[in-house]
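Along the sequence shown, residues are numbered consecutively beginning with 1.
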Amino acid sequence: MRTLRAARETSARSFVAGLRYPLAHKQPIWIGSPTVIEGHERIEFADGAALRIGLAPFGLTTRHDVSILRVHPEGRVRCEGVVSLQRGIRVVVDSGVLELGPFANVNGFAKILVRERVRIGAYCNVSWNTQLLDNDFHPMVVDGVEQPMSGPIVLEDRAWIGAGAIVLKGVTVGESAVVAAGAVVTKDVPPKAIVAGSPAKIVGHIDYWR
């Protein structure tokens, strides 16, 4: 934490407030901007894992943007490595589980709502103002048949979700696939595919991205 403060990744107030997680709760949670965490006891860590919230100084956010991580009693979060949630994120786990792979990065103002399961794989990048929603929050009846409200979302390793994109319930985004800015993803995306539009459709393929 001293290193983070010296590098000015965290404000003095957030530095002091954030000490309660590693010291009082023995949890590797590092905070760099105003952050609200509810249900910290329902956040699990693999060996060597850590959760960094609001530390990065880059992008569209400022140190004044508040980040929210709320884990309700029926939900849990599992960090499988060092994970970064940037300033201004909104994450609510109503129930089920949010799984965060090693070096996953969720950028500012992104919104993640979990009712069943959302997995963000290793080295995934979730851009600004994105939404991951694994639940419709209202039952729908189609041709007399009630449709399931929830379905797991899986971002396989190195998936890239562009700014302003929305990923809806039951979708798997394949390894190294790219979802273009503003896309609305309603169906699975194959590995290394590039999808764009609403609803998102395949517009190309990629060798790799950095």
task = Not counting sequence neighbours, list each pair that qualifies as a side-chain hydrogen bond (donor to acceptor under 3.5 Å, both in side chains) and has a residue in residues 178-203.
result = none
message = Quick test of your reading: applying side-chain hydrogen bond (donor to acceptor under 3.5 Å, both in side chains), list the pairs with at least one residue in residues 139-158, sequence neighbours left out, ordered by first then second residue.
response = N135-S150
Going from [atom1] on [X] to [atom2] on [Y], what distance comes out if it is rounded to the nearest 0.5 angstrom?
| X | Y | atom1 | atom2 | result |
| --- | --- | --- | --- | --- |
| N105 | R52 | CG | CZ | 10.0 Å |
| T35 | L69 | OG1 | CG | 9.0 Å |
| I120 | C79 | CD1 | SG | 10.0 Å |
| L55 | Q86 | CG | CD | 7.5 Å |
| D65 | F109 | CG | CZ | 4.0 Å |
| D94 | L113 | CG | CG | 6.5 Å |

task = Please identify each residue that fulfils ring-ring contact (aromatic ring centres under 6.0 Å, His included) with F45, with sequence neighbours left out.
result = none
Given the rule that I, L, V, M, F, W and Y join up when any side-chain heavy atoms are under 4.5 Å apart, are [X] and [Y] in one cluster?
| X | Y | result |
| --- | --- | --- |
| Y123 | L100 | no |
| L51 | L98 | yes |
| V167 | V178 | no |
| I29 | V77 | yes |
| L85 | I37 | yes |

message = Between T130 (side chain only) and G164 (backbone N and O only), is there a donor and an acceptor less than 3.5 Å apart?
response = no
Which pair of heavy atoms, one from [X] and one from [Y], lies closest together, and at what distance?
| X | Y | result |
| --- | --- | --- |
| S33 | R63 | CB-O, 3.5 Å |
| A46 | R78 | CB-NH2, 3.8 Å |
| L168 | I153 | O-CG1, 3.5 Å |
| V114 | V97 | CG1-O, 3.6 Å |
| R115 | D134 | N-OD1, 2.7 Å |
| R90 | V66 | NH1-O, 2.6 Å |

query = Got S95 and H72 here, is their nearest side-chain heavy-atom distance under 4.5 Å?
reply = no
message = Any heavy-atom pair between the side chains of R117 and V154 that's under 4.5 Å?
response = yes
inquiry  = Just to verify, which of V179, N107, L155 counts as forming a side-chain contact (heavy atoms from CB on, under 4.5 Å) with V126?
reply    = L155
key: Y208, OH atom: more than 12 neighbouring heavy atoms under 6.0 Å   = no
request  = Determine, step by step, whether N129 and S127 satisfy the side-chain contact (heavy atoms from CB on, under 4.5 Å) criterion, reporting the C-alpha distance in whole Å, the side-chain angles of both residues, the deciding distance to 0.1 Å, and the verdict.
outcome  = CA-CA 7 Å; N129 291 309; S127 299; over 6 Å; no
